[in-house]
Amino acid sequence: MRISGKRVIITGASSGIGRALAVSLAEKGAVLTIAARRYDRLEDIAGEIAAQFPDTPAPVAVQCDVTIADDVSTLIGGTVERLGSVDMLINNAGISIYGETRLTRAEDFRSVMSVNFFGAVQCMLEVLPFMRRQDSGLIVNIASVAGLHGIPFLGAYSASKAALIATSQSLRTELAGSGIRVMIVYPGYTDTEIFEREVMVGGGKRPSAGYAPVDEVAEAIVHAIERGSRDLIMTRRGKILSILRGAAPAIVERAMRKIASELRDPDEPRRDPGES
Ligand SMILES: NC(=O)c1ccc[n+]([C@@H]2O[C@H](COP(=O)([O-])OP(=O)(O)OC[C@H]3O[C@@H](n4cnc5c(N)ncnc54)[C@H](OP(=O)(O)O)[C@@H]3O)[C@@H](O)[C@H]2O)c1
């Protein structure tokens, strides 16, 4: 796919992978609408991109909480009104919750599902009528390696990404031949703010190393978009997991138990964002 001139909406563009994707796509000439809840940040990012790439139309910042249906309607409807349609939707907004599943509250499950799954679904349902009208479009869903298999201490997060993967696969099959494609991205651990803002439910600590630089992750995603990839599994471990989970589930189970015993920490307390 040639990115130059494509009308692209990115959710969760105020930091991390979303922000880095905005920069990478702007460099290729995409006409961007960047969305998130922190509007000040979006405005700063739009300004930086406009200064860095003066030949590309400046990104438009839209405040949008993907868990609020009216916000999503305004995001998609407003972009269509301004630009005529949408060529690419990148569902990137996401939050994380970490710790033992038995300590995870029902409200924690609901909050991670409401952003990572229902937020993405809401955006897809809003954008698809416009893509259908033009018989073309690309939906890029930022899932996770953690959606390939339930990962220890990521019970709620893994569930939200597995749900997103399943729905993306259903949609992809249903849309075959329509001109609309669905690409699923499975990043591994990436160095972003998500870990500063997540709820830590307790009972386990995060791995201390192995976090990919965010710019490398964004560049790999942009290359995959250009190549027309269906799936992008981003780490060696993720690729091995995707093969072994079907072929040798007992090996995967043993590896997961090893991770669980390495990261188990009964002294790790519950911490909600805002608490230090
Ligand atoms: N970092 C990793 O290791 C990793 C690994 C695999 C997959 N991922 C996925 O990659 C995506 C981006 O995460 P990141 O690591 O770049 O984290 P990040 O830096 O925290 O970015 C998350 C983005 O989502 C936005 N967001 C959160 N809740 C939202 C809501 N209700 N409505 C709209 N926007 C919302 C945040 O902006 P506001 O707070 O301003 O709304 C922010 O822009 C997520 O889907 C995440 O699950 C990350």
Side-chain angles (χ1 to χ4, degrees), residues 9-24 32-46 59 61-76 89-98 110-123 126 139-149 151 153-154 156-165 168 183-199 206-218 220-221 231-235 237-238 241 273-274:
I9 295 178
I10 310 174
T11 68
S14 61
S15 64
I17 297 171
R19 181 192 182 284
L21 278 173
V23 174
S24 258
L32 293 175
T33 303
I34 53 175
R37 293 165 305 175
R38 289 171 295 176
Y39 185 70
D40 291 356
R41 279 216 183 194
L42 291 175
E43 274 200 315
D44 289 348
I45 292 164
V62 178
Q63 187 167 36
C64 170
D65 182 333
V66 295
T67 67
I68 299 174
D70 284 349
D71 277 14
V72 173
S73 289
T74 306
L75 168 66
I76 311 265
L89 164 68
I90 305 185
N91 276 315
N92 167 76
I95 58 170
S96 177
I97 291 183
Y98 192 85
R110 282 196 199 94
S111 74
V112 76
M113 289 298 290
S114 75
V115 180
N116 297 5
F117 179 61
F118 289 111
V121 166
Q122 189 72 39
C123 291
E126 282 286 342
I139 295 174
V140 179
N141 285 334
I142 308 296
S144 169
V145 163
L148 290 168
H149 192 282
I151 306 290
F153 307 116
L154 285 170
Y157 182 82
S158 278
S160 71
K161 294 298 187 178
L164 179 60
I165 292 164
S168 307
M183 173 179 161
I184 309 171
V185 180
Y186 305 74
Y189 278 131
T190 308
D191 188 11
T192 70
E193 284 176 24
I194 200 165
F195 308 111
E196 292 158 30
R197 306 177 79 203
E198 73 187 341
V199 173
R206 274 217 172 266
S208 53
Y211 294 78
V214 70
D215 292 339
E216 279 178 21
V217 170
I221 296 171
D231 292 287
L232 175 66
I233 300 178
M234 299 205 61
T235 61
R237 277 183 165 193
L241 175 59

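Whatever order the structure lists them in is the order used to number ligands and atoms, beginning at 1.
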- [ ] Return yes if some donor-acceptor pair links the side-chain N/O of S158 with the main-chain N/O of I151 below 3.5 Å, else return no.
- [x]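 Answer holds: yes.
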- [ ] Look at the side chain of T190 and the backbone N and O of G188, then say whether any donor-acceptor pair between them is shorter than 3.5 Å.
- [x]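 Between the backbone of G188 and the side chain of T190 there is a qualifying donor-acceptor contact (under 3.5 Å).
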For [X], the ligand 1 atoms whose distance to one of its heavy atoms is below 4.0 Å:
X	value
R197	36 (C), 39 (O)
S14	36 (C), 37 (O), 38 (P), 40 (O), 42 (C), 43 (O)
Y189	3 (O)
G188	3 (O), 4 (C), 5 (C), 6 (C)
I95	27 (C), 28 (N)
G16	16 (O), 19 (O)
E193	19 (O), 20 (O)

TODO: With the side chain counted from C-beta on, respond yes when I142 and P187 share a heavy-atom pair under 4.5 Å apart, and no when they do not.
DONE: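 Yes, at least one pair of side-chain atoms sits under 4.5 Å.
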Task: Given P273, S114, S111, the one that forms side chain to side chain contact (heavy atoms under 4.5 Å, CB included) with I95 - done: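 Checked P273, S114, S111 against I95; only one passes side chain to side chain contact (heavy atoms under 4.5 Å, CB included): S111.
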Task: Candidate list L89, I9, D65, D70, test side chain to side chain contact (heavy atoms under 4.5 Å, CB included), partner L75, passing option - done: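 Passing option: I9.
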Open item on the list: Heavy atoms only: which of D65, V145, I194 lies closest to atom 13 (O) of ligand 1?
Closed with: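 Looking at heavy atoms only, the winner is I194.
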- [ ] Select one of side chain, backbone, both or neither to describe which atoms of A13 lie under 4.0 Å from any atom of ligand 1, heavy atoms only.
- [x]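 It is the backbone that touches ligand 1; the side chain stays farther off.
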- [ ] Using a 4.0 Å heavy-atom threshold (strictly under), name the region of A35 that reaches ligand 1: side chain, backbone, both or neither.
- [x]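 Answer for A35: neither.
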Tell me whether [X] reaches ligand 1 (any heavy atom closer than 4.0 angstrom to a ligand atom).
X	answer
K161	yes
S114	no
G119	no
Y157	yes
T11	no
Y211	no

Shortest non-hydrogen contact from [X] to [Y]?
X	Y	result
F117	A163	CE1-O, 3.4 Å
Y189	L154	OH-CD1, 3.9 Å
M234	V185	SD-CG1, 4.0 Å
A212	V217	CB-CG2, 3.9 Å
V66	C123	CG1-SG, 4.0 Å
L42	V62	CD1-O, 3.5 Å

Protein contact of [atom] - nearest heavy atom, named by residue and atom, plus distance:
atom	answer
atom 27 (C) of ligand 1	R37 NH2, 3.4 Å
atom 19 (O) of ligand 1	S15 OG, 2.8 Å
atom 25 (C) of ligand 1	G12 CA, 3.5 Å
atom 3 (O) of ligand 1	T190 N, 2.7 Å
atom 33 (C) of ligand 1	C64 O, 3.2 Å
atom 15 (O) of ligand 1	T192 OG1, 2.6 Å
atom 22 (C) of ligand 1	G94 O, 3.6 Å
atom 11 (C) of ligand 1	N92 O, 3.1 Å

Task: Geometric class of the Y211/F195 ring pair [parallel <30°, tilted 30-60°, perpendicular >60°] - done: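 If you compare the ring of F195 with that of Y211, the planes turn out perpendicular.
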Open item on the list: Surrounding CZ of R237 (heavy atoms of other residues, nucleotides or ligands, distance under 6.0 Å), is the total greater than 12?
Closed with: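 Atom CZ in R237 is not packed in, count stays at 12 or less.
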Task: R110 CZ: over 12 foreign heavy atoms closer than 6.0 Å - done: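 No, the 6.0 Å shell around CZ holds no more than 12 heavy atoms from other groups.
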Open item on the list: Can you tell whether the side chains of R19 and E193 come within less than 4.0 Å, N to carboxylate O?
Closed with: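 No, R19 and E193 are not salt-bridged.
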Open item on the list: Under 3.5 Å between any N/O of V66 and any N/O of ligand 1: does that happen in this structure?
Closed with: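 Among all N and O atoms of V66, at least one is under 3.5 Å from an N or O of ligand 1.
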Task: N or O pair under 3.5 Å between S144 and ligand 1 - done: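 No - when backbone and side-chain N and O of S144 are compared with those of ligand 1, no distance drops under 3.5 Å.
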